[in-house]
Amino acid sequence: MCFPRKLKLSGSRWAAALLAAAGAALLLAAAPAAAKKPQTLYWGAQIGDQMTGEQAPWDMRPVHRFERIAGKGLSLVEFAAPFAECEPVCVFGKFPTTPLNNVRDYGAIPIFSWNSTVSPPDQDQSAFRLSDLIEGRYDAFVRGFAAEAAAWGHPFFLRFDWEMNGFWFPWSEGVNGNRPGEYVQAWRHVHDLFAAAGASNATWVWCPNVDIFGGLAKLGPLYPGGRYVDWTCLDGFNWGKRRGSPGWLGFGRIFGDTYRRIVKHIAPGKPMLLAETASSDRGGNKPAWIRDMLHTVRTKFLRVRGVVWYDVDDRGTNWPIETSKKASAAFRHGVRGRAYRPNEFGGIATAPIKPPPRP
């Protein structure tokens, strides 16, 4: 608070002025900041194979089951694929027309998370360094993939090589022989190949991981620039109490610092997705965490215009909402309002995809 310049007062008039100033300060401190209207959001899930033995959206039964649990149709369905599958022979993937059509026919918008590696992850990734992308080793494959995307023609979110500020994926700088500056070069190169192929229906999503303690790579040097990014994004989890975890953390603690860094300094004005988020049930109250997340994200994180629950059975973390009746009920309660838009976007035709309109 700024204090006024000294006033030429004395005696009782000086005391009264002090009291008035103190009262004004207390009122200002107690008054909340000017409230902004909560935003509307796309919402949905990435759903693993724990429900039917097959992941969505190759199998759409998990989506319908998730909808029954949540009490509302999903407006986002996310899935992922690498450049190539190597079980047992390496085969490069084709553009996923069938799962994308499944999502669109359901009425949702697809989020396709595509990474420049081979699967399974324990394969040797040395042939998939960022320099290989930059130097054009996979140009023919990417051009063909982009041409298929253009031929499909419908808008979709393309989340490419996510969580690049970490150290756990082979496309991050500092691992797998990748050097500083190469991530942005690789991103721009792939983006330019899509543009040359006429694949303007891809909405490019740049998605780092939350950096709770400031130990990950700095985001500025990893941002490809506003011409190459349509939406920003964050991934973040409440790992609960387990080995290697920072402990039970609330939604605001997990996302707050990195969110503010992006919206203030990295990409002001860009809408944001939360493409992977979930909570463990170890060490705290998972239903309460879900209620807080679904309320807080739409009232305080106003650049976030889409949220994806990571409903995948991953290393015993109990991310899925269906692992607990109370967690399912909390999620159902949280998305029931009109702010969370249902599966009414199957006919979306404009790219880059815009944030959802108010109901």
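In this structure, Ile254 is a member of the same hydrophobic cluster as Leu219, with clusters built from ILVMFWY side-chain heavy atoms closer than 4.5 Å.
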Between Gln46 and Gln55, is the side-chain hydrogen bond (donor to acceptor under 3.5 Å, both in side chains) condition met? List the steps. CA-CA 9 Å; Gln46 180 172 345; Gln55 296 183 38; 5.1 Å; no
Quick one: do His154 and Leu100 satisfy side-chain contact (heavy atoms from CB on, under 4.5 Å)? Show the steps, please. CA-CA 9 Å; His154 304 298; Leu100 288 167; over 6 Å; no
Going through the checks in order, is the side-chain hydrogen bond (donor to acceptor under 3.5 Å, both in side chains) test met by Asn343 and Ser75? CA-CA 4 Å; Asn343 53 330; Ser75 51; over 6 Å; no
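At a threshold of 4.0 Å, the pair Lys286-Asp281 does not count as salt-bridged, since none of the basic side-chain nitrogens sits closer than that to a carboxylate oxygen.
Counting heavy atoms from C-beta outward, Ile290 and Trp309 have side chains that approach closer than 4.5 Å. Using a 4.5 Å heavy-atom cutoff, the side chains of Thr203 and Leu158 are not in contact. Looking at Val297 and Phe251, their side chains come closer than 4.5 Å, going by heavy atoms from C-beta outward. Asn201 has its side chain within reach of Trp152: a pair of non-hydrogen atoms, C-beta onward, lies under 4.5 Å apart. Counting heavy atoms from C-beta on, the side chains of Pro96 and Phe79 come closer than 4.5 Å. Between Phe83 and Thr117 the shortest side-chain heavy-atom distance does not fall below 4.5 Å.
Residues Ala149 and Ala199 approach most closely at CB-CB, 4.2 Å, considering heavy atoms. Closest approach of Thr232 and Lys270 over heavy atoms only: CG2-CB, 3.9 Å. Looking at every heavy atom in both residues, Cys233 comes nearest to Pro208 through O-CD, 3.2 Å. Nearest heavy-atom pair, Ser119 versus Pro82, reported as atom, atom and distance to 0.1 Å: CB-CG, 3.6 Å.
The ring pair (Phe, Tyr, Trp, His ring centres under 6.0 Å) search around Tyr223 returns Trp206, not counting sequence neighbours. Partners of Pro268 by side-chain contact (heavy atoms from CB on, under 4.5 Å), not counting sequence neighbours: none found.
Within the model, atoms OH of Tyr183 and CD1 of Ile134 stand 11.5 Å from one another, a figure rounded to the nearest 0.5 Å.
In this structure, Asn178 contributes its side chain and Leu130 its backbone to a donor-acceptor pair below 3.5 Å. Side-chain atoms of Asn165 never come within 3.5 Å of backbone atoms of Leu216 as a donor-acceptor pair (strictly under, hydrogens ignored).
Heavy atoms from other residues, nucleotides or ligands lying under 6.0 Å from CZ of Arg179 number 12 at most. Counting heavy atoms of neighbouring residues, nucleotides and ligands inside a 6.0 Å radius, atom NE2 of His295 does not exceed 12 of them.
Using a 30° and 60° split on the angle between ring planes, Phe237 and Trp239 fall in the tilted class, from 30° to 60°. Aromatic ring orientation, Trp204 versus Phe194: perpendicular (interplanar angle above 60°, classes split at 30° and 60°). The aromatic rings of Phe66 and Trp43 sit tilted, their planes meeting at an angle between 30° and 60°.
For Tyr138 and Phe128, the distance between ring centers is under 6.0 angstrom. Close placement of the His64 and Tyr106 rings is indicated, their centers lying within 6.0 Å of each other.
Sorted by first then second residue, the salt bridge (charged side-chain N to carboxylate O under 4.0 Å, His left out) pairs that include residues 297-317, not counting sequence neighbours, number zero. Within the structure, salt bridge (charged side-chain N to carboxylate O under 4.0 Å, His left out) contacts touching residues 145-167 (residues at least two apart or in different chains) are Glu78-Arg159, Arg159-Asp235, Arg159-Glu276.
Counting side-chain heavy-atom gaps under 4.5 Å among Ile, Leu, Val, Met, Phe, Trp and Tyr, the cluster of Val308 also holds Tyr42, Leu76, Ile109, Ile111, Phe157, Val205, Trp231, Leu273, Phe345, Ile348, Ile353. The hydrophobic cluster of Val89 has no other members, since no ILVMFWY side-chain heavy atom comes under 4.5 Å of it.
Of the residues listed (Trp114, Phe112, Trp171), the one engaging Trp162 in a ring pair (Phe, Tyr, Trp, His ring centres under 6.0 Å) is Trp171, and it is the only one.
A donor atom on one side chain and an acceptor atom on the other are not found under 3.5 Å apart for Asn318 and Thr323. A donor atom on one side chain and an acceptor atom on the other are found under 3.5 Å apart for His189 and Asp139.
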